[in-house]
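The next block holds one structure in the form of structure tokens; read it before the comments.
If you're wondering where the values come from, they're calculated on a predicted model, not measured in any experiment. Protein chains get the first letters and strands the later ones, always in sequence-line order, with residue 1 at the start of each.
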Amino acid sequence: MSSAAATVTSSRTRRNPWRNGKLLIAGGVLLAAVAFLVFNAMGSSMAYFVTVGEMQASGKDLTGQQLRVGGHVEPGSIARSGFGDELRFSVTDGATTLPVVYNGTVPDIFKDDVEVVVEGTMRPDGTLEASSVLTKCPSKFEAE
Amino acid sequence: MAQLGHGALLLAFALALLGIAFSVIGQRKRIPELTIAGVRAVVAVTLLLGIAAIILAIAFVTHDYSFQFVSSRSSRDMPLRYIVTAFYGGQEGSLLWWATAASILGSLAFARNRARFPNIVPYAAAVFLGIQAFLLYMLCFVASPFSLNRITPADGVGLNPLLRDPGMLVHPPLLLTGLASFAVPFSIAAGALVTGKMSAEWLRFVRRWTMIAWAILGAGIFFGGWWAYHVLGWGGYWAWDPVENVSLLPWLTATAFIHSIMVQERRGMLKVWNISLLLASYVLAVFGTFVVRSGLISSVHSFALSDIGPYFLGFLAAVTALAVGLIAWRLPLLQSENTFDSMVSREAGFLLNNLLFAGIAFATFWGTVYPLISEAFNDTRMTVGAPFYNQVNGPLLLLLLILMGIGPLLAWRQTIVPILLRSLRAPLALALLAIIGVLAFFGQPMAAIGIAAAVFAIGAIVVEYWRGARLRRKNAGDAFPVAIYHLTRRDPRRYGGYIVHLGVAIIAIGIVASTFFQSERLVVLEQGQAVTVAGYTIRYDNLREQRSRDARIVTADLTVTRGGSSETFEAHRYFFNRFEDQPTTRVGVVTLRFTDVYVMLTEWSDTGAANLHIFINPLVTWIWAGGFVYLIGMFVIFWPAAQPRSVQVRVPDRQGALGETAG
């Protein structure tokens with residue numbers, strides 16, 4: 001960039017100060033759009049993340065609520081009426097338990113006592129109808 | 001052996017501290033010998049880390065179970081390739097890998113460029129050694145890979161079954177190296193801020209090393225998706241899980257940087273923004289490591305919680321403070337030399353690109369840390385799931401894709417719109433055809449728009465190549481392929497960048513198709529029974545059991561038919577020795593007509609009936625193919641440019657300005 005060209009640029013800018021203003025407006029519009037997208041998407045995909053204990057302690061009526069519940073699979077609770085049927089199990093924090101029904105594939109390491117995050121909606125009878133069951137892998141990179 | 005390894009690390013730690021003192025004092029008191037010694041400390045630290053790494057690797061290969069780390073991660077029945085990967089199959093080993101990889105790259109960057117940047121490199125080396133000193137402190141005193149077992153066991157525990165997969169050979173080492181290597185550009189930038197000498201030559205230096213870190217990290221993320229796809233069995237490759245998100249954040253800021261840095265090179269603008277992006281990339285890499293290792297945010301892949309969290313938090317605070325402090329201090333030096341001339345210019349295009357990348361990074365960051373924010377302010381922990389990221393990042397990525405087509409055709413300073421529109425005619429026509437085609441055959445307007453945007457971008461890249469090749473043909477009389485070759489050799493940054501763009505567009509098509517047109521079905525089949533999902537008939541033929549050295553394997557034999565073509569494939573379930581209660585899936589995947597038939601064997605009954613989870617995933621292979629193109633583009637970028645020959649062929653940009661690159 002020669003100095004002459006630089007001078008031309010700056011003098012032109014001085015004559016047209018609105019150029020940068022226009023750019024700022026364009027940037028502002030874009031940022032507002034991002035903010036809107038974030039705000040809009042928050043409403044539709046937010047879920048409470050609670051442990052079983054916190055859920056019972058809150059005493060709120062959670063029927064129909066989208067929930068993510070963390071806890072351990074209660075030993076001996078995994079049951080299924082027939083091969084390929086829906087799965088029932090309970091999630092516990094040691095003191096309180098929450099019954100869960102799930103119709104889908106459980107992760108490889110799903111078993112008694114394993115830590116899970118169950119996502120789903122609360123039925124009126126107090127059972128969580130799970131749409132997904134995530135196990136906390138002992139880890140991706142760690143042995144048990 | 002363990003003592004030797006531990007000793008090497010201790011010595012490296014001491015040398016790193018000494019190196020910081022030497023390079024800073026040498027530079028301040030103008031004692032060149034001291035400065036040189038300080039910079040050479042980076043190489044010495046690398047050699048010592050190399051010794052430690054080799055000792056650990058030997059311990060793994062020779063089954064030396066006196067090492068706690070070795071006995072808890074490997075066992076005798078494991079195949080050698082997974083024994084080797086167990087090196088980074090745990091906290092201590094991955095830290096050692098991290099430190100060693102960063103150190104090797106740091107040595108290459110600093111030892112070779114000391115003469116070229118006599119002012120900057122000593123300070124850069126000092127900052128780098130500070131980072132290494134932290135890692136070495138962790139390796140020596142907090143998470144030592146050289147701790148010994150009190151009683152040496154006869155055999156080891158073995159590697160977690162989920163990790164015994166070819167993905168383990170590529171994803172963790174690349175990802176760890178990628179994250180770690182951002183320390184190099186961070187140090188180079190910090191060194192320049194300290195000295196205030198930010199020349200054009202420095203800009204090329206720091207850009208080159210950012211590109212290297214960015215390329216490695218990108219490859220690491222890519223192979224992570226590939227691994228997740230064929231091993232986790234949920235039919236996808238990206239779940240917007242916090243652990244995935246935090247690895248994406250530095251990649252996003254670095255991608256923004258390697259675009260906007262061109263504006264600084266050409267026009268001397270956006271200096272504060274660029275240096276902030278660069279420093280933020282390393283801060284985010286450390287942030288990611290901290291989040292992953294501390295268990296602060298609940299994730300599907302929670303790594304073993306450990307006590308290194310607080311240390312990393314301290315480190316994160318230190319790195320952030322350094323970055324913010326240096327920029328604030330040097331703000332007067334970072335004044336823009338120019339202003340924007342036009343809204344329709346290359347620099348405005350890059351600015352938009354950056355705002356979009358920043359928007360994606362912000363949304364991803366926000367969604368990831370939202371549980372913490374909501375807990376702090378609202379007392380309830382709220383989480384956002386994949387739909388959030390898709391709704392926010394989807395439209396932003398779509399805009400980026402369109403911009404990727406237009407951007408390279410924009411001229412610097414000011415673009416003459418009619419000329420721009422003329423060269424966009426062909427890509428626009430292709431995009432229109434794509435919209436009509438997708439809508440007519442498959443419906444789904446959103447998918448049609450996504451695919452059209454990708455087709456548009458590809459069309460624009462082809463136009464760029466064709467235009468350059470035609471000129472070259474006219475001037476030098478080369479045949480078309482030869483012209484393209486010479487074109488690329490002359491300006492690898494520009495044309496390699498286009499190849500990367502091409503890869504991204506192909507990946508985008510794969511992502512759109514597999515997101516919008518995926519079919520899923522859970523079925524129970526008796527042997528010999530078949531089910532049809534989305535036009536693909538899958539027959540369950542047989543169930544059998546076999547044994548390998550380290551596992552019992554249950555296999556379902558399957559046949560898929562569509563139209564006249566059929567193919568047999570297998571879905572497995574592995575029961576690894578000592579991990580019998582953790583059966584591990586090997587998904588059966590077969591590709592027919594660009595569509596993956598993806599079957600997971602979840603259960604089987606005594607009678608031999610099988611419970612199968614079937615996904616039909618269109619065009620996922622395009623993602624892998626696009627990734628391959630992307631990697632090729634990366635190699636082209638790094639390929640040294642051919643020296644100009646006697647026949648000067650200039651490739652004019654739109655309106656004749658000599659285009660340097662399009663990134």
Side-chain angles (χ1 to χ4, degrees), chain A residues 1 5-6 9-10 12-14 16-17 19-20 22-23 26-27 30-31 33-35 37-38 40-42 44-51 54 58 66 68 70 80 82-85 103-112 114-115 117 119 132 134-144, chain B residues 72-73 88-91 94 157-163 172 233-234 243 267-268 298 300-304 337-343 348 351-352 355-356 359 362-363 366 371 380-388 391-392 395-396 522 524 581-585 600 602-603 605 609 611 613:
Chain A
M1 175 70 48
T9 313
S10 59
R12 195 199 296 162
T13 324
R14 226 171 286 131
N16 290 318
R19 283 189 194 279
N20 270 357
K22 220 158 94 175
L23 214 71
L30 195 80
L31 287 183
V34 172
L37 281 171
V38 168
N40 190 43
M42 292 299 288
S44 58
S45 73
M46 221 153 45
Y48 286 101
F49 184 81
V50 285
T51 64
E54 283 166 7
S58 76
Q66 186 72 19
R68 295 184 92 190
R80 134 180 325 198
F83 176 70
D85 283 353
N103 206 338
T105 307
V106 288
D108 282 344
I109 55 169
F110 182 83
K111 59 181 187 230
D112 283 354
V114 104
E115 201 182 343
V117 177
E119 195 169 349
S132 80
L134 304 173
T135 39
K136 295 260 247 173
C137 317
S139 120
K140 257 193 133 182
F141 293 129
E142 291 284 340
E144 261 174 291
Chain B
S72 63
R73 299 289 181 276
Y88 42 76
Q91 185 119 281
S94 50
V157 177
L159 191 65
N160 189 302
L162 273 176
L163 304 180
W234 56 275
V243 165
R267 310 279 331 267
S298 127
V300 190
H301 6 204
S302 56
F303 294 66
E337 292 158 30
N338 283 301
T339 50
F340 284 94
D341 294 330
S342 162
M343 291 279 289
L351 191 67
L352 182 59
L355 289 173
L356 289 169
F362 169 75
W366 176 259
T380 48
R381 210 169 341 144
M382 307 290 287
T383 61
V384 294
F388 167 79
Q391 279 174 40
V392 179
L396 298 178
L522 259 169
V524 176
D581 58 345
Q582 189 187 325
T584 307
T585 302
M600 182 182 168
T602 56
E603 291 184 287
S605 70
N611 195 348
H613 199 163

Relative to chain A, which segment of [X] carries a heavy atom at a distance below 4.5 Å: side chain, backbone, both, or neither?
| X | answer |
| --- | --- |
| L522(B) | side chain |
| T584(B) | both |
| P161(B) | neither |
| A386(B) | neither |

Open item on the list: Tell me the closest heavy-atom pair linking A41(A) and V392(B), and the distance in Å.
Closed with: CB-CG2, 3.6 Å
Task: Closest non-hydrogen atom pair between V38(A) and F362(B), with its separation - done: CG2-CE2, 4.5 Å
Task: Proximal component of A26(A), with respect to chain B [non-hydrogen, under 4.5 Å] - done: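 Answer is side chain: those atoms of A26(A) sit under 4.5 Å from chain B.
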- [ ] Count the heavy-atom pairs under 4.5 Å between each of S605(B), G385(B), G359(B), P387(B) and chain A, then report the option with the highest count.
- [x] S605(B)
Distance check, rounded to the nearest 0.5 Å: [X] atom [atom1] versus [Y] atom [atom2]?
| X | Y | atom1 | atom2 | answer |
| --- | --- | --- | --- | --- |
| R68(A) | M382(B) | CZ | CE | 11.5 Å |
| L351(B) | L30(A) | CG | CG | 9.5 Å |
| Q391(B) | N40(A) | CD | CG | 6.5 Å |

